[in-house]
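See below for the structure under consideration.
Whatever order the structure lists them in is the order used to number ligands and atoms, beginning at 1. We count residues from 1, following the sequence as given.
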Amino acid sequence: MTDTIAALASGRPPAALAIIRISGPAAFAVVRSLAGRVPPARRLSLCRLVDQGQLLDEALVAVFPGPASASGEDLAELHLHGGPAVVAGVLEAVTAHPGVRLAEPGEYTRRAFANGRMDLAQVEGLADLVSAETASQRDQALALAGGALGRLADGWRTRCLDVLAEAEAGLDFAEDEADVAERLDEAARGQLTAMADELAGLIADSARAMRIRDGLTIAVTGPPNVGKSSLVNALSMRDVAIVTPVAGTTRDAIEVPIDLAGIAAVLIDTAGLRDTDDPVEAIGIARARARAATADLVISVASADAPGWPGDSGLRLLNKCDLAVPDVPADVLAVSAATDAGLPALRDWLASWARNVVRPGEPALLAHARHRAAFAEAESALRDAALAPEPVLRAEALRGAAHAFGRIAGRIGVDDVLDRIFSRFCIGK
Ligand code: GDP
């Protein structure tokens, strides 16, 4: 018999409320023993929770009979007062019940998946939703959790199976009506190539989806002491990077997450990019150069009180414009990390750059390497099918493409990735 699992589903106490979820065959027996009754389904009912004559809390209790519950099993939620002693007392009483134990991370969702309540792409979307920090990450995660990718992959799977059915019908022609078979063959090749091209477009767009999820990278580069760390601090409005008047003290690349009008980005505060004899500093510089080389945007910073204009790449900034006011070239933004002058314009520039790169209003669904790999596999199978010299080989390749799409929803061949996907969840989810 399946274990019944219990866990705190809300944040760490103390808090205004705490929610304990209980899922499994003994869930309602636990509620009956604590509350004295099983209240009406899918409604909140005020109950006194009593264990061995001891009042533990007055709580709102909701029960959801399986299989139409979030986990697909009998599920109960206890909405408690969020004090540490309340939560500890109730959890202890719940898990003392026979057949009930504390849940593992992600175990409720794992049961929902096992019971067919959600497909694997929805599970991934849910994990993204719980960790989403910006509006565009949230929108993308909601689309994924709502099943948009599963529907897209299912549509593609059906298309592949339709072509497969035609290809198999075509096998019968081959014997006696060679010219009909040839015409069918030509049409099928064209159709398969068009499908593969369409997939290639979706795959190319996955870089955008991944950037929405992982954040854009922006390297802030320039000589020592021009104010890179000060700018990173000013932009992130946090004191993360260490600002000192001594040249070369930012030894390592420091990454600071920022929210660019709803789009996630990471500012990389590079060590002063200069030659040095100090081996520790040299390591920081090598790493900074490597990060800067792969960043989505490089901000080149120079200082108004030192000779030299900012480098040519990416966005050019002249900092410390509170000290001197030189005639700046048109494509150089004059700012001051000390007085905040020019920083609103800098934020606007970055936000509109970010919007251009990720186009947050347009749906982008292939946000995970797993999704991209499955679509890429299907694309190459469709190209194999288009080039197949024999109908039998074409059918084989088409079955491969359909199989790749089936893996998106997790219907087949995903045993190896399940542990990794569910390990992203916290306990109680
Ligand atoms: P980094 O080496 O490029 O990261 O430079 P820092 O951010 O550590 O700044 C070097 C020095 O310049 C520090 O003493 C900062 O306080 C100062 N500084 C940074 N930005 C400005 C600015 O806009 N105006 C002035 N006057 N000083 C600044």
Test: [X] and [Y] ion pair at under 4.0 Å:
| X | Y | answer |
| --- | --- | --- |
| Asp3 | Arg101 | yes |
| Glu362 | Arg359 | yes |
| Glu124 | Arg370 | yes |

Taking N or O atoms only and a 3.5 Å limit, does [X] qualify as a polar contact for ligand 1?
| X | value |
| --- | --- |
| Ser229 | yes |
| Val226 | yes |
| Ala338 | yes |
| Ala337 | yes |

Those atoms of ligand 1 less than 4.0 Å from some heavy atom in [X]:
| X | answer |
| --- | --- |
| Lys228 | 1 (P), 2 (O), 3 (O), 4 (O), 5 (O), 7 (O) |
| Ser230 | 6 (P), 7 (O), 9 (O), 15 (C), 19 (C), 20 (N) |
| Leu323 | 26 (N) |

request  = With heavy atoms under 4.0 Å as the rule, classify the contact between Asp322 and ligand 1 as side chain, backbone, both or neither.
outcome  = side chain

message = For Asp269 and Ser229, which I'm curious about, is there any donor-acceptor pair between the side chains at under 3.5 Å?
response =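 Looking only at side-chain atoms, Ser229 and Asp269 do form a donor-acceptor pair, the distance falling under 3.5 Å.
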
request  = Give the C-alpha distance, both sets of side-chain angles, the deciding distance and a yes or no for side chain to side chain contact (heavy atoms under 4.5 Å, CB included) between Leu318 and Leu333.
outcome  = CA-CA 6 Å; Leu318 190 68; Leu333 222 56; over 6 Å; no

inquiry  = Pair Leu235, Arg347 - check side chain to side chain contact (heavy atoms under 4.5 Å, CB included), show working.
reply    = CA-CA 7 Å; Leu235 281 172; Arg347 283 200 189 91; 3.9 Å; yes

